[in-house]
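Quick notes on the structure that follows.
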Amino acid sequence: MSWIDIGSVDEVPLRGARLVKTHVGCLAVFRTAEAEIFVASNSCPHKGGPLSEGIVHGQSVTCPLHNWVFDLNTGEAQGADEGRITTYPVRVETGRILLDADAVTRRSAA
């Protein structure tokens, strides 16, 4: 895997998100109340809502437009809703967020 540094953990608020621009579009970097980091597509598959503006709760995010909830581990919609968001491998080292560049590249090839 090829990892790229996308910023400091401290730049992402607890229970919030920040955007990272890539060649496949904007990705949302989420930070849970427990300071876990997740990276996923920023667009809700339902109506394109900006997930980075949603509510982060537990290991999920709720779309700000129509309240669809997505598991940040799997990307799967929860409850009665169907669909998924793309999630990306991420890790944290010495306070820096590292994104799997190979996964982003594979996504752009599809």
Subject >> His66: partners by ring-ring contact (aromatic ring centres under 6.0 Å, His included), with sequence neighbours left out >> reply: His46
Original post:
Between Ile97 and Val9, which heavy-atom pair has the shortest distance, and what is it?
Top reply: CG1-CG2, 3.8 Å
**OP:** Provide the full list of salt bridge (Lys or Arg N to Asp or Glu O under 4.0 Å) pairs with a residue in residues 49-60, sequence neighbours left out, each pair given once.
**Re:** none
Just list the side-chain donor-acceptor pairs under 3.5 Å for residues 36-44, sequence neighbours left out, or say none.
residue	atom	partner	partner atom	Å
Glu36	OE1	Thr32	OG1	3.1
Glu36	OE1	Gln59	NE2	3.3
Glu36	OE2	Gln59	NE2	2.7
Ser41	OG	Thr86	N	3.2
Asn42	OD1	Leu51	N	3.4
Asn42	OD1	Ser52	N	2.7
Asn42	OD1	Ser52	OG	3.0

Original post:
Can you hop from Trp68 to Val56 via hydrophobic side chains spaced under 4.5 Å?
Top reply: yes
**OP:** Could you check if a side-chain atom of Ile85 sits within less than 4.5 angstrom of a side-chain atom of Pro45, using non-hydrogen atoms only?
**Re:** yes
Original post:
Which pairs with one or both residues in residues 76-90 pass salt bridge (Lys or Arg N to Asp or Glu O under 4.0 Å), sequence neighbours excluded?
Top reply: Glu76-Arg84
Would you be so kind as to tabulate the donor-acceptor pairs closer than 3.5 Å made by side chains of residues 10-21, with sequence neighbours excluded?
residue	atom	partner	partner atom	Å
Glu11	OE1	Ser8	N	3.2
Arg18	NE	Glu11	O	3.1

Subject >> All side-chain hydrogen bond (donor to acceptor under 3.5 Å, both in side chains) counterparts of Glu93, not counting sequence neighbours >> reply: Arg91
Subject >> Minimum side-chain heavy-atom gap Val104-Ile4 below 4.5 Å >> reply: no
Original post:
Given Val29 and Ile6, is the side-chain contact (heavy atoms from CB on, under 4.5 Å) satisfied, shown in steps?
Top reply: CA-CA 9 Å; Val29 181; Ile6 59 171; 3.8 Å; yes
**OP:** Please name the pair of heavy atoms, one in Lys47 and one in Leu65, separated by the smallest distance, quoted to 0.1 Å.
**Re:** O-CD1, 4.3 Å
Subject >> Shortest non-hydrogen contact between Leu98 and Asp5, atoms and distance >> reply: CD2-CA, 3.6 Å
Subject >> Closest non-hydrogen atom pair between Ser60 and Val69, with its separation >> reply: CB-CG1, 3.8 Å
Subject >> Listed partners of Thr22 passing side-chain hydrogen bond (donor to acceptor under 3.5 Å, both in side chains), at least two apart >> reply: none
Subject >> Residue pairs involving residues 23-33 (criterion salt bridge (Lys or Arg N to Asp or Glu O under 4.0 Å); sequence neighbours excluded) >> reply: none
**OP:** Begin from the C-alpha positions of Leu99 and Tyr88 and carry the test side-chain contact (heavy atoms from CB on, under 4.5 Å) through to its verdict.
**Re:** CA-CA 7 Å; Leu99 175 64; Tyr88 296 89; 3.7 Å; yes
